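Throughout, protein chains are lettered first and strands after them, A, B, ... in sequence-line order, and every chain is numbered starting at 1. Since this is a predicted model, take the numbers as computed values, not measurements.
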Amino acid sequence: MSELASESVGSGAGMSHALVEIDDLKVHFPIKSGVLLNRTIGYVYAVDGVSLKIRRGETYGLVGESGCGKSTLGRGLLRLIEPTSGGITFDGTDVRALEGEQMRRFRRRIQMVFQDPLASLDPRQSVESLLVEGLKAHGLDRDKAAARQRLRSTLDSVGLPASALNKYPHEFSGGQRQRIGIARALVLGPELIVADEPVSALDVSIQAQVVNLLGDLQESLGLTYLVIAHDLAVVRHISDTIGVMYLGSLVEEADADRLYERPLHPYTRALLSAVPIPDPWVEDSRERILLTGDLPSPADPPSGCRFRTRCPWSQNRCAEDRPELRVFDDSGQRVACHFAEEILSGELLTAG
Amino acid sequence: MPLLDVRELSVVFQRKGTKPFTAVDRVSFAVEPGETVGLVGESGCGKSVTSLAIMGLLPRRGNKVTGEVRFEDTDLLKLRPQDLRDRRGRDIGMIFQDPLSSLNPVIPLGLQVAEVLERHQGKTRQAALREARGLLDAVGIPDPARRLKEFPHQLSGGMRQRALIAIALACKPRLLIADEPTTALDVTVQAQILALLKELVDQSGTALVMITHDLGVVAGLCDTVNVLYAGRVVERAGRHALFGDPRHPYTHGLLQSVPRLDADRGGRLHQIRGSVNDNIPWSEGCAFAPRCDRVVDDCIGETVPLEPTSRGGALRCTNPVPQEVPA
């Protein structure tokens, strides 16, 4: 590992040291038209200027609805999709400056867990071959006995028996398959795991097993997670910090408890009030903020505040001025809304 | 008299050369007029197959449906296919999970809504289209006149689901079956659709069978809840009783394993061990026994019967979770 890495570990103040810093990251996809000329006629602003920090050892939860750019951000971080602009710093290394072989070797430190384990595991490879692939790519399989030992201990840590090595993905249940997906990410000993909807394809009873497993692994291996999910209840349960995305930008960020106790952004409020709670008494007495309309197209986002077209508190200023993500108070909660204070104090009432 | 009375409904899938598989195993439940009944369970518990069997939508081959599905005075399972077609869409409407695959992609939306009215109420195309506009308006689709001419791919997911609800409710059915109607939608859109369903059901007095895996959805919507496990009803109770005081270890475990937005954070989630693959057949005892924390010797050996409870529900368990004594 580079000098940079050891230096930053030495200077970092333990847990509060930022492992990942994303600075004004943008991922724009061109919209092409025409067969021969292939002109670019516009862009989909999938991620449009997101800045955030993930501290070593924490779980950062990224929530938002489909199309908000949360998955693109996760992939952009690994450069599985090349970002359009912006900076990514991982443990002192400028990730965007890495090239070719350097980047390939660097990927060992960040691994990914995908949503659908059946689709992300090759059905024609045995579990052993799936897991060995990563070791091979990073030259860690030369000592066969040690490699085998590594596979066994990894499988053991995700709660699968060593006999699983000779089986194929279809022989496992959904929860076990997700464990294989996690094992594949773990086998290289990464520092950061980007988990994109790790439990949303699973049944409730299985979901709890995988959520607990992720927690246990973090504790025993000191992992840092970026968990991308749409299920707020799950994200809140496992995350230390939560970022809420809407149409390509981060609209609010706070530690998990605070976000639920005091949501500042109107979108966060609506999102929290929309999540059904399995308790009839709570459901009967809850007030919902029902948003009107649908998500605008990320190819043609509204001017000013992206959320203003659906915001019950929208004002004239919101159409002209795009709110920056700003620090709200000493708690470190960040929000991108001009009127967060007025909405919180009740000075500004909803139009309806 | 209940509007819909499902008695001992079983669905057995069988293919040549394979072992028959009982997807739905003597399921009985009733729906009173205007009532909202939930069927809850995880994948593979038979909740969707139940709804398809009620509607007569299972493929003709490869399965055997037995039991009775009484809708008012008729047994739907005994109707001739053409008679069943007369009732489907008129007396019973259905909403499916994925609106994109349940709408025809090459027919404009207006015609798809009008079709139901033409077929069941003998309306002319023009009259039907006029009414379709009103229906789209009623389910909250903005600018319905324009939307009538559009194709499903031009609508957003939430809008498609609204269109599907409009189709299902076009003939003012007395019963609506909704199979995971909000699962494919985002939470804020889900909240819109659930509010719409609730409002429509309250206004029209339509009975609703809500099939879902989401306990949160059930908690806010259903009067009575049936919990299914491996093709059988394991617990039935009013929603307050079920959520406040679950008696079956499976229901209890499920409720404890979902992280709640309003509960204290952190700590481990309760987990139900194993997976659905670990079940034993119902004929050899309780299918849930291998995964159950409260398993006793009596759970294995004989089929555990579904017995009525003092609170008007039913329970299939030899060693239920003790009832909470009110403090």
Side-chain angles (χ1 to χ4, degrees), chain A residues 63-68 171-176 199 201-213 215-216 230-240 255-257 260 267 270-284 286 288-295 297 310, chain B residues 41-45 140 142 155-159 182 184-192 194-195 213-222 225 238-244 250 253-278 291:
Chain A
V63 287
E65 297 181 286
S66 38
C68 73
E171 295 176 79
F172 297 91
S173 66
Q176 286 172 319
V199 297
L202 306 175
D203 271 322
V204 185
S205 65
I206 308 302
Q207 184 175 305
Q209 295 174 1
V210 174
V211 166
N212 285 342
L213 173 66
D216 294 346
H230 69 278
D231 187 332
L232 260 162
V234 170
V235 168
R236 176 173 168 270
H237 182 84
I238 54 179
S239 306
D240 301 300
D255 75 72
D257 288 320
Y260 178 73
Y267 178 61
L271 206 56
L272 286 171
S273 83
V275 179
I277 291 177
D279 185 330
W281 291 274
V282 175
E283 282 291 310
D284 289 349
R286 280 174 100 195
R288 287 225 150 85
I289 304 172
L290 281 184
L291 294 180
T292 48
D294 295 298
L295 199 73
S297 159
R310 299 172 74 195
Chain B
E42 298 181 285
S43 31
C45 73
L155 306 173
S156 68
M159 210 98 87
T182 57
L185 307 173
D186 279 318
V187 266
T188 55
V189 183
Q190 164 170 294
Q192 293 170 4
L194 288 177
H213 71 282
D214 191 330
L215 292 160
V217 168
V218 173
L221 194 67
C222 299
V225 185
R239 66 179 170 130
H240 287 99
L242 189 90
F243 285 90
Y250 176 62
L254 268 190
L255 282 171
Q256 287 204 304
S257 61
V258 265
R260 278 177 60 159
L261 203 53
D262 61 337
D264 277 339
R265 212 171 62 78
R268 291 174 64 84
L269 289 174
H270 173 84
Q271 53 187 54
I272 301 178
R273 67 188 130 102
S275 72
V276 189
N277 298 355
D278 303 324
R291 302 177 67 192

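- Contacts between Ile289(A) and chain B at a heavy-atom distance below 4.5 Å are absent for every atom of the residue.
- Here the closest non-hydrogen pair linking Pro276(A) and Gly216(B) is CB-C, 3.4 Å.
- Gln209(A) touches chain B through backbone and side chain together, each having a heavy atom under 4.5 Å away.
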Audit row: Ile206(A), Ser275(B), side-chain contact (heavy atoms from CB on, under 4.5 Å) steps and yes/no
CA-CA 7 Å; Ile206(A) 308 302; Ser275(B) 72; 4.1 Å; yes
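- Taking chain B as the reference chain and counting heavy-atom pairs below 4.5 Å, the highest number among Asp240(A), Ile238(A), Leu271(A), Asp279(A) is found for Asp279(A).
- In terms of heavy-atom pairs under 4.5 angstrom with chain A, the leader among Ala263(B), Cys222(B), Gly253(B), Gly44(B) is Ala263(B).
- When all heavy atoms of Trp281(A) and Phe243(B) are compared, the pair lying nearest together is CZ3-C, 4.5 Å.
- Heavy-atom pairs under 4.5 Å with chain B peak, among Ser273(A), Ala256(A), Gly174(A), at Ala256(A).
- In terms of heavy-atom pairs under 4.5 Å with chain B, the best-connected choice from Val235(A), Ile277(A), Thr292(A) is Ile277(A).
- When Arg260(B), Gln190(B), His240(B) are compared by the number of non-hydrogen pairs under 4.5 Å with chain A, His240(B) comes out ahead.
- Chain A forms more heavy-atom pairs under 4.5 Å with one residue of Val187(B), Leu215(B), Val217(B), Leu185(B) than with any other, namely Val187(B).
- Shortest non-hydrogen contact noted between Leu261(B) and Arg236(A) is O-NH1, 3.0 Å.
- For Val211(A), the part lying near chain B is the side chain, with the backbone staying farther off; criterion is any non-hydrogen pair under 4.5 Å.
- Taking a cutoff of 4.0 Å between a charged side-chain nitrogen and a carboxylate oxygen, Arg239(B) and Asp284(A) qualify as a salt bridge.
- Expressed to the nearest 0.5 Å, how far CG of Asp262(B) lies from CG of Leu272(A) amounts to 11.0 Å.
- Contact of the Asp216(A) side chain with the Arg268(B) side chain is registered, since non-hydrogen atoms from C-beta on lie closer than 4.5 Å.
- Contacts of Leu255(B) with chain A are made by side-chain atoms alone, with heavy-atom separations under 4.5 Å and no backbone atom involved.
- Within the model, atoms CZ of Arg288(A) and CG of Leu194(B) stand 7.0 Å from one another, a figure rounded to the nearest 0.5 Å.
- In terms of the side chain to side chain donor-acceptor pair (under 3.5 Å) criterion, residue partners of Asn212(A) (sequence neighbours excluded) are, by chain and number, Gln271(B).
- One finds the OG1 atom of Thr188(B) at 5.5 Å from the CG atom of Leu291(A) (value rounded to the nearest 0.5 Å).
- Side chain to side chain, Ser205(A) and Glu42(B) meet the donor-acceptor criterion of an N or O pair below 3.5 Å.
- His270(B) is linked by a ring-ring contact (aromatic ring centres under 6.0 Å, His included) to nothing, counting only residues two or more places apart in sequence or in another chain.
- Closest non-hydrogen pair, Ala233(A) versus Pro259(B), comes out as CB-O, 3.3 Å.
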